[in-house]
Amino acid sequence: MLKDKIKSLAKDLKEEVIANRRHLHANPELSYQEYETAKFVNQKLQEIGVSQIEQKATTGWTALIEGKNPGKKTVALRADMDALPIIEANNVPYKSTHEGVMHACGHDAHTASLLGAAKILNSVKDQFEGTIKLIFQPGEEVAPGGASYMIKDGALENPRPNGIIGQHVMPFIPVGKVGFRQGIYMASADELYITVKGKGGHGAMPETLIDPVLISSHLIVALQQVVSRAASPKVPSVLSFGRVEALGATNVIPNEVKIQGTFRTLNEPWRAQAHQKMLQIAKGLVEGMGGEVDFEIRKGYPFLQNDPELTERATLAAKDYLGEENVLDLDIWMAAEDFAYYSQEIKGCFYRLGTRNEQKGIISGVHTPTFDIDEDALEIGAGLMAWLAVSELEKG
Ligand SMILES: [Zn+2]
Ligand SMILES: [Zn+2]
């Protein structure tokens with residue numbers, strides 16, 4: 001049976017996938033600078049013998065694995081390759097050798113897993129019908145997102161996939177398990193940059209000033225009504241301000257205050273309305289208090305929606321592969337992910353690979369200096385991806 005064949009190939013390949021992951025982990029590169037990573041991936045793809053390797057978005061690749069009757073249907077598998085500006089605090093043999101750069105989001109694991117899946121799929125290509133498209137993308141971590149450049153560069157054309165599957169490590173799920181969610185899953189994320197301008201001076205003479213600190217305090221509170229009153233209670237929304245900069249002193253009121261925050265939600269029309277609402281409240285409130293406001297909203301990734309049918313088929317295939325008890329239902333996750341761009345173009349399924357192991361002390365969250373994965377997850381990372389692809393070609 002093909003499933004058993006894929007399982008045994010994944011087992012045989014485990015050490016190789018781990019070695020590839022360690023190489024990538026030790027040599028991380030920041031978003032859009034994945035030059036050595038791209039060379040490495042290209043070399044591996046050539047060794048595997050996949051066809052039509054094409055460079056996309058400068059440091060990304062697409063490639064094909066054609067089964068029998070390749071025109072029947074195409075399923076895409078996606079991995080991201082970039083690392084983060086974090087100083088690694090783990091003392092492991094594969095610790096980052098690039099000071100200040102770290103694979104702290106598991107993109108090394110995604111890339112190594114997809115290379116493993118590619119090797120598996122290439123060796124069984126006489127046993128399935130259709131085509132698998134491999135997508136290795138740059139720049140997931142930095143707006144506007146490598147996925148958007150990949151799409152502009154034609155990653156979803158020639159052939160256009162019927163669906164796309166992506167996996168991401170999840171340090172809250174134990175190794176051996178995976179998680180799926182149908183429908184809305186991850187949030188859109190927009191960056192907010194506000195400057196409130198007033199008239200600074202001596203703190204003892206407020207009547208001669210326009211105090212931007214007081215105005216900003218009101219503004220931060222007032223903007224919360226966007227998520228508490230204007231938002232439908234049925235649509236999750238988050239508005240958080242993490243930076244407020246007023247460079248005055250006990251007795252000095254500054255001329256201006258800078259505020260930075262994030263707005264996240266799971267509905268595109270509401271997202272646009274919320275932007276207008278925030279701009280309107282800020283202008284009305286700040287001008288009403290005698291100040292002026294600059295309010296810049298930098299749009300980030302759209303929200304991520306998993307196609308219900310594709311995701312249901314993938315969930316069933318995963319249960320078949322790993323056992324019912326090892327496939328979990330995921331909750332909504334208010335982080336953002338540029339896989340959302342693909343899922344707005346074609347049917348998508350973004351699922352989570354469990355990498356947690358409390359016994360081994362592997363518990364740190366993504367984007368932290370102590371993040372790591374239990375590498376036992378990589379056998380599933382490669383094998384399950386391959387199995388999901390052939391299952392979708394067969395059943396989708
Ligand atoms: Zn990340
Ligand atoms: Zn990530």
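Heavy atoms only: backbone and side chains are in, while hydrogens, waters and symmetry mates are out. Order of listing sets the numbers, starting from 1, for every ligand and every atom in it.
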- Message: Taking I65's backbone N and O only, do any of them form a donor-acceptor pair with K125's side chain (distance below 3.5 Å, no angle check)?
- Response: no
- Task: Validate the cation-pi geometry between K7 and Y321: distance from NZ or CZ to the six-membered ring centre under 6.0 Å, angle to the ring axis within 45°.
- Result: yes
- Just the protein N/O/S atoms under 2.8 Å from the Zn ion (ligand 2), please, no waters. C105 SG, H107 NE2, H168 NE2
- Note: with side-chain heavy atoms under 4.5 Å as the link, the other cluster members for V92 come out as Y94
- Quick note, side chain to side chain donor-acceptor pair (under 3.5 Å) partners involving residues 143-154, not counting sequence neighbours, are none
- salt bridge (charged side-chain N to carboxylate O under 4.0 Å, His left out) with E292: which residues, sequence neighbours excluded? none
- Query: Have T195 and D294 got a donor and an acceptor in their side chains that come within less than 3.5 Å?
  - Reply: no
